[in-house]
Amino acid sequence: MPRWFKADLHVHTCLSPCADVLMSPRRIVAEVLRHHIDIVAITDHNSVANAVAVAKAAAQSGIVVLPGMEVCTREEVHVLAVFENQEAAQELGSCVYEHLSGVNDPDVFGWQVVANEKDEVERFEDRLLIGATDLSIDEVVDKIRRLNGLAIAAHIDREGFGIIGQLGFIPEKLPLDALEISGHTGDEEAEKRFRNYSRYSFVRNSDAHALGQLGANVTRYFLEEATVEEIRKAIHKLDGRSLEATSACGMSKKD
Amino acid sequence: MSEACKSGNRRTITGTYDNDDRCVMTLQAITQRLGLSVCWGNDLLHREVTGGYVGDLLSDVIANSKSGHVWMTMQVHVNIVAVAVLKELSAIILVNGRQPAEETLRKAQDEKVPILTSPLPAFELAGRLYALGVGGST
């Protein structure tokens, strides 16, 4: 029997230079548990390197951790990729890594910590993760779809790095699964602003860069089980699956 | 184009000035003076340019560019053609040596939007265009 799952498909870790260094695997898992979130996707900027550690840290918790990333396309549009398994995530990760240039300066952008499941520092990533890849949005979405991942346009209400801000409008032929609305925009305003895009499902995620931001802005999915395929069904309203996304206003978010 | 401009009440090497004393040049003149490459639109270079706009956020270009502007951008996505059509821009100049994506070029041909390219960064190119007398929105 299908039931409701509470999910947050956009969470950063201490690997993202702009995220709090306290966003370590164990701490994230503890906070996610505290908020009774069933499914969480780890989506650092242009890297999947911490997704395994969070999954391991969550092994006994009952939380389903989906590996993913927030890819910055050549057009500087942020696209969320969410996968069922590590292999697919790693494949996109390698592809993105090859198309990313620049070296991180921790003093300017922040540390990029690759952690293990015990919250220990494994290494520091030195590629500039905050940069843009030279892959087009069409290539990125195509690659995600080929790897059976979910492709979600991140924070479309934001001018910078949001698809509408960067590209003026959402290209009709782009096979996105869903559109994400950030906590900055309430439900009524979102409905008004994005009326033209009602062909898509809207989802809400925390885009948490710090522990205190977890728990706000989530989406509830009506699923048979906590898998990417089930979430896809809910997003596309197939087989009686559905979703419910409402804003948690008043929460401030860091991008 | 105003009547006065059509009759050319004042001419310089670079272009014609309209009633409001704005310099109006053709794409042909700009292409020559700035050493641009014509990716597509050789037959449309007689178009007049009333000003210029620089932007990579397409939402901003939709909001602020004006009809007749030449638009300098880094973006090569096919949506740039739609923006140029919507805003009746005279041409798109891709800066920093960027080349249009295949689909962008196809769409530009369908929609008759000239695509020019320059190895120069936007700052440099806009500066040179301004120095020729082509202004912005004021």
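Note that these values count all heavy atoms, side chains included, but never hydrogens, waters or copies made by symmetry. The chains referred to below are lettered A, B, ... by the order of the sequence lines, with proteins before strands, and numbering in each begins at 1.
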| request: Would you please test A/His12 and A/Asp207 for side chain to side chain donor-acceptor pair (under 3.5 Å) and show each step? | output: CA-CA 7 Å; A/His12 291 268; A/Asp207 194 1; 3.1 Å; yes
| task | Indicate yes or no for a side-chain donor-acceptor contact from A/Asn104 to the backbone of A/Asp126 under 3.5 Å, with no hydrogens or angles considered. | result | no
| query | Where the side chain of A/Asn50 meets the backbone of A/Val113, is there a donor-acceptor pair that is under 3.5 Å apart? | reply | yes
| task | Name the region of B/Leu57, side chain, backbone, both or neither, that has any atom closer than 4.5 Å to a heavy atom of chain A. | result | both
| field | A/Arg127 to A/Tyr97 six-membered ring, cation-pi geometry met (6.0 Å, 45°) | value | yes
Using only distance (under 3.5 Å, no hydrogens or angles), which donor-acceptor pairs connect chain B and chain A?
{"from": "A/Glu75", "atom 1": "O", "to": "B/Gln75", "atom 2": "NE2", "distance (Å)": "3.1"}
{"from": "A/Asp138", "atom 1": "OD1", "to": "B/His77", "atom 2": "NE2", "distance (Å)": "3.4"}
{"from": "A/Gly165", "atom 1": "O", "to": "B/Leu58", "atom 2": "N", "distance (Å)": "3.3"}
{"from": "A/Gly165", "atom 1": "O", "to": "B/Ser59", "atom 2": "N", "distance (Å)": "3.1"}
{"from": "A/Gly165", "atom 1": "O", "to": "B/Ser59", "atom 2": "OG", "distance (Å)": "2.7"}
{"from": "A/Gln166", "atom 1": "O", "to": "B/Leu58", "atom 2": "N", "distance (Å)": "3.1"}
{"from": "A/Leu167", "atom 1": "O", "to": "B/Asn79", "atom 2": "ND2", "distance (Å)": "2.9"}
{"from": "A/Phe169", "atom 1": "O", "to": "B/Asn79", "atom 2": "ND2", "distance (Å)": "2.9"}
{"from": "A/Lys173", "atom 1": "NZ", "to": "B/Glu103", "atom 2": "OE2", "distance (Å)": "3.4"}

| request: Taking only Lys NZ, Arg NE, NH1 and NH2, and the carboxylate oxygens of Asp or Glu, determine whether A/Lys192 and A/Glu189 approach each other closer than 4.0 Å. | output: no
| said: Counting only non-hydrogen atoms closer than 4.5 Å, does B/Val61 touch chain A with its backbone (N, CA, C, O), its side chain (CB onward), both, or neither? | reply: neither
| task | Mark yes or no for whether A/Asn46, through its side chain, and A/Gly131, through its backbone, hold a donor-acceptor pair below 3.5 Å. | result | yes
| field | For chain A, the option from B/Leu58, B/Val76, B/Leu86 that forms the most heavy-atom pairs under 4.5 Å | value | B/Leu58
| said: Please classify the contact of A/Ile164 with chain B as side chain, backbone, both or neither, using a heavy-atom distance under 4.5 Å. | reply: backbone
| How far apart are the C-alpha atoms of A/Lys237 and A/Ser242, what are their side-chain angles, what is the distance that settles it, and do they pass the side chain to side chain donor-acceptor pair (under 3.5 Å) test? | CA-CA 5 Å; A/Lys237 303 181 178 73; A/Ser242 60; over 6 Å; no
| Would a distance-only check, ignoring hydrogens and angles, find a side-chain to backbone donor-acceptor pair under 3.5 Å from A/Asn205 to A/Val218? | no
